[in-house]
Amino acid sequence: MRLSRYFLPLLRDDPKEAEIVSHRLMLRAGLVRQSSAGIYSWLPLGYRVLRKIEQIVREEQDRAGAIELLMPTIQPAELWQESGRYDDYGKEMLRIEDRHERQMLFGPTNEELITAIFRDGVKSYKELPRILYHIQWKFRDEIRPRFGVMRGREFLMKDSYSFDLTHDDARKSYNRMFVSYLRTFARMGLKSIPMAADTGPIGGDLSHEFIILADTGESEVFCHRDYLALETPGADITYDSDLTPLIGEWTEKYAATSEKHDAARFEKDVAEGDRVSARGIEIGHIFFFGTKYSEAMGARVQGPGGELVPVQMGSYGIGVSRLVGAIIEASHDDAGIIWPKSVAPFDVGLINLKSGDADTDAACDDFYERLKAAGLDVLYDDRDARAGAKFTGMDLIGLPWQVIVGPKGLKAGEIELKERATGERLSLTFDAVLNRLVESAQEARKEAA
RNA sequence: CGGGGCAUGGCGCAGUUUGGUAGCGCACCUGCUUUGGGAGCAGGGGGUCGCAAGUUCGAAUCUUGCUGCCCCGACCA
C-alpha cells in the first residue's frame, strides 16, 4: 500500500481525553476514532490489526475443534425472559423497541440465543459434544466506559459455547478451550496467566480469567512467579488427548484475581520471593455453568438409556477488540507502538527518504514491487515529506520492520533494514534485505502452524 | 449512579476575571530555498466559540436550562 493513497490520519499531539498509553497511541497512530463514549470507528490501519487478531482467534478455535457460526447482534427479549436474565441484566443491556413495539435488545452475550439454536437442532446425545462459536459485536451499556477500546460499550468478542452430555465431558470441553486460549494469546506475543475467577452474572461454579500483567490493568492480581516462565503448548497439541495434566500444570500453583484472592493462602502456599502481585488486564474468560440455561430453556437431549437430560454447558469469551489495546499496553516504547509480527497491520514499512529524486524513487518503486511479489504486506511511504517526519511516523505506527532507502546508501548499493522492536539497523543489499524479510515471514508462519 | 473537571478550526491551547465582533503552535494549500530523525521564509484556506433561551446598543465572555465528553469511585469481555 502506498501511503500517498492510504487513509492514515496521524496525530502529532496527544488527544487530551486519552489517559492510558494504548488509547493515546491508538488515536495518534490513526487506528481508531471515537464516535461516542465507548464506541469507536476502526480506521483502516486499526481494522487490519483487528482482523489479524480475529483470525488468530479463529484459527485456534478451529484447531481446538470449535465450529464457527454467526448470530445476530439484535435479539428478541423473549429469549432472555425465558432464562430469567431479562430482568437480572439491568441497565447494562441496551433495550430496543421495534416498529411493532416488540421488545428487542442489542446482545451483550449469547447464551440464550445459542441455547435456543441448539435446543431446536439437537435431540440426541450422539450429536454431543459440540463447541460452537462466533465472533460478533456486543454491546454493554457500561456505567463508565474508559481506556479506549479496553472498556468500550460496543466491542468485538469471540464467544464459544460448549454442549455436553455429562459433567465429565463438559470438563473436557472446558479444558479444550483453556488450552486453546493459552495458544491464542501466545501467538499474539502475550503471556497470559489463567486465574481463578468469579463467575459473575453468567453463573456457574468453574471459571478462569486469562490475565496479562500490565501496570495499567484494571484489576489487582496475585500469582506464583513460575507461571511467567511456563511454556505454552505447541501447535502439535492433540486436543483429543487427555488434557488434564496440562491443565494441572497451569492451575496447580496460586493465581487469583482480587475477587478470589485469599491473602492467607497466598502467603502460606507461595514463598515470599515467588509472589507476584501486580495489575492485570483480562483478555479472556471461561465458564462452566452446567445446566443453568439448558434447564431454564429446555435444551435437553436423549441419553443412551432413552432418558431426557439437560445438556451441560460452558461459555468462553475473548475480547477481540480489547486485545488491540492490551497488546499495545504490553508492547510499546516512547516512540510508539511495537506490533508483534503476528498482528502487525503490515509486515514492513518502506521509507523513501527522498521522494522526488528520480533514482531514489525508481529504487523504491522497484523494491516495493519485489517485496509485494514475495508475499509481504508493505506500507510504502512514498509521500513528499521530510525524512524525519517519515521516521517518526513509521516508529509511531510500529510495523515490525522498516526498510530505509536514501540516496546515500544507494550510491553504495545498500539500503537499511531496521527492526522496530530492538532499534537495530543494518546496511544491506536489496537482496539481503528481501531475504531477511522473507525469512522472518516464514518463521512467523512456522510459529503459527 | 455519587464526586470532580472540560467544551473556542483536524490536534494541542490562549482569550472568559473586567462584554466591543476570534487568536497562537502544529497540521493543511501555493511558491521559493531546503532535504538521513517532526526545516526556513513568504503568501493563503478553514471556526455561527457544544446547544437553547435570556440580559445588553453589542455576548466566546454575564444569567438560566440542556447536551456531550473526560477523570476518580462502586460494576464489568
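Chain letters run A, B, ... following the sequence lines, proteins first and then strands; every chain starts at 1.
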Which whole-number value in Å describes the distance from A/D357 CG to B/rU34 P?
-> 14 Å
Using atom P of each nucleotide, how far apart are B/rC49 and B/rG10 to the nearest Å?
-> 14 Å
For B/rG2, the Watson-Crick or wobble partner whose two distances fall under 3.5 Å = B/rC72
Which is true for A/S321 with a 4.0 Å heavy-atom rule: it touches a base, it touches only sugar-phosphate, or it touches nothing?
-> nothing
Measure from CZ on A/R383 to P on B/rG38 and round the result to the nearest Å.
-> 14 Å
Could you tell me whether A/G393 contacts a base, only the sugar-phosphate backbone, or nothing, with contacts defined as non-hydrogen atoms closer than 4.0 Å?
-> nothing
Could you check how far NZ of A/K390 sits from C1' of B/rA39, rounded to whole Å?
-> 15 Å
Under a 3.5 Å cut-off for both distances, is B/rC41 Watson-Crick or wobble paired, and to whom?
-> B/rG31
Find which nucleotide of RNA chain B each of A/G317 and A/Q34 is nearest to by heavy atoms, and output the residue with the more 5' nucleotide.
-> A/Q34
How long is the line joining CD1 of A/I351 and C1' of B/rU35, in whole Å?
-> 15 Å
Determine the interatomic distance between P on B/rG46 and the same-named atom on B/rC62; round to the nearest Å.
-> 29 Å
Is there a donor-acceptor pair closer than 3.5 Å between any side-chain N or O of A/R33 and the backbone N or O of A/L27?
-> yes
Candidates B/rG10, B/rC75, B/rG37 - which lies nearest the side chain of A/R425 = B/rG37
Nearest to the side chain of A/K418 - B/rC70, B/rC1, B/rG37?
-> B/rG37
Nearest-Å distance for atom pair CG/P, residues A/L25 and B/rC11 | 18 Å
By salt bridge (charged side-chain N to carboxylate O under 4.0 Å, His left out), which residues pair with A/R265, not counting sequence neighbours?
-> A/D269
Side chain of A/A389 only, please: which of B/rA74, B/rC70, B/rG38 is the nearest?
-> B/rG38
With sequence neighbours left out, write down each residue that passes salt bridge (charged side-chain N to carboxylate O under 4.0 Å, His left out) with A/D159, or none if nothing qualifies.
-> A/K138
Under 4.0 angstrom, heavy atoms only, what part of the nucleic acid is A/G406 near: base, sugar-phosphate, or nothing?
-> base
When you measure from the side chain of A/L11, which nucleotide among B/rC75, B/rC69, B/rC11 comes out closest?
-> B/rC11
Considering only atom P, compute the distance from B/rU8 to B/rC69 and round it to an integer number of Å.
-> 14 Å
Output side-chain donor-acceptor pairs under 3.5 Å for residues 421-429 of chain A, partner residues at least two apart or in another chain, one line each.
{"unit_1": "A/T422", "atom_1": "OG1", "unit_2": "A/E419", "atom_2": "OE1", "d": "3.4"}
{"unit_1": "A/T422", "atom_1": "OG1", "unit_2": "A/E424", "atom_2": "N", "d": "3.1"}
{"unit_1": "A/R425", "atom_1": "NE", "unit_2": "A/E416", "atom_2": "OE1", "d": "2.8"}
{"unit_1": "A/R425", "atom_1": "NH2", "unit_2": "A/E416", "atom_2": "OE1", "d": "2.9"}
{"unit_1": "A/T429", "atom_1": "OG1", "unit_2": "A/A432", "atom_2": "N", "d": "3.1"}

Would you please classify the geometry between the A/F289 ring and the A/Y293 ring as parallel, tilted or perpendicular, with 30° and 60° separating the classes?
-> perpendicular
note: A/R146, atom CZ; B/rC1, atom C1'; distance rounded to Å ~ 13 Å
Sort out the partner of B/rC26 for me: Watson-Crick or G-U wobble, both distances under 3.5 Å, none otherwise.
-> B/rG10
Would you kindly compare A/G284 and A/H23 by the position of their nearest RNA chain B nucleotide and give the one closer to the 5′ end?
-> A/H23
Whole angstrom value for the distance that separates C1' of B/rC11 from CG of A/L27 = 11 Å
Just checking, A/R51 and A/Y47: is the charged tip under 6.0 Å from the six-membered ring centre and within 45° of the axis?
-> yes
Checking salt bridge (charged side-chain N to carboxylate O under 4.0 Å, His left out) against A/E59, which of A/R183, A/K52, A/R187 comes through?
-> A/R187
Those residues that, when tested against A/R130, pass salt bridge (charged side-chain N to carboxylate O under 4.0 Å, His left out) (two or more places apart) | none
Look at the side chain of A/R28 against the base of B/rG10 and say whether a donor-acceptor pair falls under 3.5 Å; ignore hydrogens and angles.
-> no
If you take atom types as modelled and just measure distance, does the side chain of A/R386 reach the base of B/rA39 with a donor-acceptor pair under 3.5 Å?
-> yes
Rounding to a whole Å, what distance do you find between A/R153:CZ and B/rC69:C1'?
-> 11 Å
Throw together a table of side-chain donor-acceptor distances under 3.5 angstrom for residues 400-408 of chain A, partners on residues two or more places apart or in other chains.
{"unit_1": "A/W401", "atom_1": "NE1", "unit_2": "A/S440", "atom_2": "OG", "d": "3.1"}
{"unit_1": "A/Q402", "atom_1": "NE2", "unit_2": "A/D395", "atom_2": "OD1", "d": "2.8"}

Check nucleotides 12-14 of chain B against the protein and report each pair of N or O atoms closer than 3.5 Å, with its distance, or say if there are none.
{"unit_1": "B/rG12", "atom_1": "OP1", "unit_2": "A/K16", "atom_2": "N", "d": "3.0"}

If you look at every strand shown and take non-hydrogen atoms under 4.0 Å, does A/E209 touch a base, only sugar-phosphate, or nothing?
-> nothing
A/F178 and A/F210 aromatic centres sub-6.0 Å | yes
Describe the nucleic acid contact of A/G90 in one word from base, sugar-phosphate, nothing, applying a heavy-atom distance below 4.0 Å.
-> nothing
Among B/rC75, B/rG73, B/rG38, the one nearest any side-chain atom of A/R144 is B/rG73
Take atom P in B/rC28 and the same atom in B/rC71, then report the distance between them in whole Å.
-> 29 Å
OP1 or OP2 of B/rG38 less than 4.0 angstrom from a side-chain nitrogen or oxygen of A/R12, does that happen here?
-> no
When you get a sec, tell me which of B/rC1, B/rC69, B/rC75 is the closest nucleotide to the side chain of A/K91?
-> B/rC1
Could you tell me which nucleotide pairs with B/rU61 by Watson-Crick or G-U wobble geometry, both distances under 3.5 Å, or answer none if nothing does?
-> none
